Amino acid sequence: MHKGSSLNKEVALLKNLLTQNRLKLTQQREAILEAFLKVDHITAEELYRVISKKKRPQMGLATIYRTLNLLCKIGIGQQRHFDDNRTIYDNVLHKKHHDHLICNKCEEIIEFESPAIERLQEEMAARHGFTLSNHRLELFGHCIDWKNCRDWQKDIKRK
């Protein structure tokens, strides 16, 4: 997804933050960054499984959490809490502002952009004398295409 000079840019961003905080760019942190840049949304546990399968440098889950938090600090990632149980890390480096549709059954996350929704939010804020600094829109429901919804497929097969 992000090859060559693009990955070098992200590594440079991470290295700069680490240097500012008197930390080092380790093989583990670089492997986490590289794997993270290949996905849109992932939990620390899922990222740990991805990296472990590739026989990357040995690392613990705590290293992944700490590195993901560093990636959020420098703007490569954002933490999302779509439900009560998990923190999902959103790779936002090369994305514009976007909102999310989340399936309650299979937990698929669909990103979307809507200039009309953005304008309406700004209008509502202005109407109430409020200045927006940031916002999130997360819509929950279920996939309309049951045949392609992983969790619905499981339910149908059980019956």
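Keep in mind it's a predicted model, so treat the numbers as computed, not measured.
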Does the side-chain contact (heavy atoms from CB on, under 4.5 Å) test come out yes or no for T43 and L47, once each step is laid out? CA-CA 6 Å; T43 66; L47 191 58; over 6 Å; no

Do R119 and Q121 get their side chains close enough for a donor-acceptor pair, meaning under 3.5 Å? no

Charged N-O contact under 4.0 Å between R127 and E123: no

Minimum heavy-atom separation for I42 to F36, with atom names? CG2-CD1, 4.0 Å

Determine, stepwise, if the pair N91 / K38 fulfils side-chain contact (heavy atoms from CB on, under 4.5 Å). CA-CA 9 Å; N91 171 0; K38 293 179 181 173; over 6 Å; no

Taking the side chain as everything from C-beta on, heavy atoms only, tell me whether L137 gets closer than 4.5 Å to I117. yes

Could you tell me the separation between the CZ atom of R29 and the CD1 atom of I64, rounded to the nearest 0.5 Å? 12.5 Å

Is it the case that the side chains of Q79 and N69 hold a donor-acceptor pair, with the cut-off being a distance below 3.5 Å and no angle test? yes

For side-chain contact (heavy atoms from CB on, under 4.5 Å), just list the numbers for F112 and L101, CA-CA rounded to whole Å, side-chain angles, deciding distance to a tenth of an Å, and then say yes or no. CA-CA 8 Å; F112 71 94; L101 297 166; 3.8 Å; yes

Taking G141's backbone N and O only, do any of them form a donor-acceptor pair with N104's side chain (distance below 3.5 Å, no angle check)? yes

Any idea which heavy atoms bring G75 and V92 closest together, and the distance? O-CG2, 3.7 Å

Give the C-alpha distance, both sets of side-chain angles, the deciding distance and a yes or no for side-chain contact (heavy atoms from CB on, under 4.5 Å) between I102 and E138. CA-CA 7 Å; I102 301 103; E138 298 166 356; 3.9 Å; yes

Pick one: which of R80, Q78, E108, H100 meets side-chain hydrogen bond (donor to acceptor under 3.5 Å, both in side chains) with H41? H100

Quick check for you: to the nearest 0.5 Å, what is the distance between L71 atom CG and I32 atom CD1? 8.0 Å

Mind checking the SG-CG spacing from C103 to L139? Nearest 0.5 Å is all I need. 13.0 Å

Treat each ILVMFWY residue as a node, draw an edge where side-chain heavy atoms are under 4.5 Å apart, and state whether L120 and L132 are in one component. no

Correct closest heavy-atom pair for Y48 and L61 would be CB-CD1, 3.8 Å

Once rounded to the nearest 0.5 Å, what's the spacing between atom CE of M59 and atom CZ of R66? 11.0 Å

Modelled atom types, side-chain donor and acceptor of Y65 and E45, under 3.5 Å: yes

Does Q28 reach the side chain of I51, with side-chain heavy atoms less than 4.5 Å apart? no

Output the distance between atom CG (D99) and atom CD (E113), rounded to the nearest 0.5 Å. 8.5 Å

Working to the nearest 0.5 angstrom, can you tell me the gap between I76 CD1 and L70 CG? 10.0 Å

